[in-house]
Amino acid sequence: MNNNIKTALEVETIENLEALYDRAFMIVKEAVEAGSKNFGLATGGTMLPLYDRIRNSKLDFTKCQSVNLDEYVGLSKTHPESYIAFMKQQLFHEKPFKKSNLPDGEAIDPSAEAARYEELLKQLTLDFQLLGVGENGHIGFNEPGTSFDSGTHIVKLSDSTRLANARFFPSLDEVPTEAITMGIASIMRAKQILLIAVGEKKRMALEALLKDEVTESIPVTILKNHPNVIVLTDLAI
Ligand code: GLP
């Protein structure tokens with residue numbers, strides 16, 4: 001089934017996940033073919049089937065730059081759950097970009113690193129931003145309550161986010177407590193956004209996006225104020 005819900009956002013509900021990720025791949029492909037050069041990338045389980053399709057495609061990013069949303073603070077770059085390691089394994093090894101940018105989670109001064117990253121994001125307009133969403137409505141690692149005016153900053157991860165991400169680590173204790181994330185304002189400067197929200201655990205966040213008012217207590221709701229967002233979901237709301 002594929003219905004388009006009528007809201008200001010372009011929402012495509014596709015129950016079949018293979019079809020949903022085929023559609024996500026087409027949206028990325030169209031962006032590349034339309035000349036997008038700077039791609040904001042995301043991590044998380046949601047992105048795996050999309051990166052799989054990109055790896056197995058003929059898409060060429062060697063004239064493009066990538067800019068990732070976020071990185072854990074204090075996790076070694078060689079740790080398999082660091083976002084740099086995730087991106088290398090899932091995408092960059094097979095689909096290199098001219099330059100790939102991620103926040104340096106091992107920086108001695110994380111605040112200076114956040115400022116450096118924000119400066120980079122001001123120099124380079126993101127043509128396309130890929131987004132997942134946290135169960136509590138976070139985007140990047142912008143937890144509920146983050147100012148909509150925020151640029152790249154250090155964030156203390158909420159207990160619920162650490163618990164949700166604990167499935168990727170040997171134990172909860174090993175999940176980092178902080179991250180560097182693009183801010184909400186940084187994300188909103190992207191010209192086009194593709195949000196993918198798949199699975200029952202994302203229902204609350206998606207319902208808030210589609211039905212609630214824009215509120216800092218559910219960061220994803222800010223996307224209603226963006227002029228060019230496609231939401232792909234398997235959930236009927
Ligand atoms: C992490 C990432 C987010 C991602 C979220 C959801 O918190 N920082 O960018 O959207 O997880 O992850 P998943 O796709 O695994 O549900």
Side-chain angles (χ1 to χ4, degrees), residues 17 20-21 24-25 28 39-54 66-75 79-87 89-91 100-105 110 114 117 121 126 128-146 150 152-169 172 174-184 186-188 190 193-209 218-223 226 229-235:
L17 288 183
L20 183 150
Y21 282 105
F25 173 74
V28 174
F39 286 81
L41 300 180
T43 54
T46 306
M47 298 301 149
L48 294 176
L50 173 58
Y51 290 155
D52 182 54
R53 280 162 175 73
I54 295 176
S66 67
V67 185
N68 261 79
L69 280 168
D70 46 18
E71 178 60 283
Y72 291 115
V73 168
L75 205 57
H79 190 291
E81 293 308 327
S82 71
Y83 285 167
I84 177 85
F86 175 103
M87 290 308 303
Q89 194 199 343
Q90 297 302 328
L91 197 62
S100 284
N101 305 279
L102 280 97
D104 180 357
Y117 208 70
L121 281 161
L126 292 179
F128 187 92
Q129 177 68 57
L130 199 52
L131 278 186
V133 62
E135 292 170 30
N136 62 4
H138 73 241
I139 50 176
F141 265 132
N142 292 284
E143 296 283 19
T146 306
S150 55
T152 305
H153 61 286
I154 315 290
V155 63
K156 187 171 168 3
L157 299 177
S158 70
D159 290 346
S160 70
T161 296
R162 292 186 65 242
L163 258 179
N165 288 357
R167 68 191 194 277
F168 299 120
F169 290 82
L172 179 59
E174 291 173 57
V175 183
T177 54
E178 290 185 326
I180 300 178
T181 184
M182 272 191 209
I184 308 263
S186 340
I187 293 170
M188 289 292 281
I193 295 177
L194 170 61
L195 174 83
I196 307 178
V198 162
E200 278 304 320
K201 288 183 173 171
K202 306 298 170 73
R203 186 174 287 281
M204 186 288 286
L206 190 69
E207 251 175 25
L209 171 61
I218 308 180
V220 70
T221 59
I222 189 66
L223 297 182
H226 191 284
V229 179
I230 299 178
V231 180
L232 289 185
T233 184
D234 63 333
L235 298 170

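The model shown is predicted, which means the values in this text are computed figures rather than measured ones. Both ligands and their constituent atoms are indexed starting at 1 by order of listing. Residue numbers count from 1 along this sequence.
The nearest pair of heavy atoms linking Leu157 to Pro176 is CD1-O, 3.5 Å.
Atom OH of Tyr83 is separated from atom OG1 of Thr43 by 4.0 Å, given to the nearest 0.5 angstrom. Interatomic distance, CZ of Phe25 versus CG of Leu50, reported as 8.5 Å (0.5 Å rounding). One distance of note links OG of Ser186 with CG of Leu121; it measures 5.5 Å at 0.5 Å rounding. With rounding to the nearest 0.5 Å, the separation of OH in Tyr21 from CG in Leu232 is 9.0 Å. Within the model, atoms CZ of Phe86 and CG of Leu91 stand 9.0 Å from one another, a figure rounded to the nearest 0.5 Å. The structure places CD1 of Ile196 at 4.5 Å from CE of Met47, a figure rounded to the nearest 0.5 Å.
At a heavy-atom cutoff of 4.0 Å, ligand 1 is contacted by the side chain of Tyr83 but not by its backbone. Counting heavy atoms closer than 4.0 Å to ligand 1, residue Lys202 contributes side-chain atoms (C-beta onward) but none from N, CA, C or O. For Glu143, no heavy-atom contact with ligand 1 is shorter than 4.0 Å.
Checked against the 6.0 Å centroid threshold, His79 and Phe168 do not count as a close aromatic pair.
Distance from atom 4 (C) of ligand 1 to its nearest protein heavy atom, with residue and atom name: Thr43 O, 4.1 Å. Ranking protein heavy atoms by distance to atom 12 (O) of ligand 1, first place goes to Gly44 CA, 3.9 Å. Looking only at protein heavy atoms, the nearest one to atom 14 (O) of ligand 1 is Thr46 OG1, 2.4 Å. Atom 6 (C) of ligand 1 has its closest protein heavy atom at Val133 O, 3.6 Å. Scanning the protein for heavy atoms near atom 8 (N) of ligand 1, the closest one is Asp70 OD2, 2.8 Å. Ranking the protein heavy atoms by distance from atom 5 (C) of ligand 1 puts His138 NE2, 3.8 Å first.
Near Arg167, with a cut-off below 4.0 Å to any heavy atom, the atoms of ligand 1 are 13 (P), 15 (O), 16 (O). Within ligand 1, counting atoms from 1 as listed, the ones closer than 4.0 Å to a heavy atom of Gly132 are 10 (O). Every atom of ligand 1 is numbered from 1 in the order shown, and the set under 4.0 Å from a heavy atom of Asn165 is 1 (C), 7 (O).
In summary, of the residues considered (Val229, Ile187, Thr46, Leu194), a side chain to side chain contact (heavy atoms under 4.5 Å, CB included) with Leu131 occurs for Ile187 alone.
For atom 3 (C) of ligand 1, the candidate residues are Gly140, Gly134, Ala42; the nearest heavy-atom contact is made by Gly140.
Between Phe141 and ligand 1, no pair of N/O atoms sits closer than 3.5 Å.
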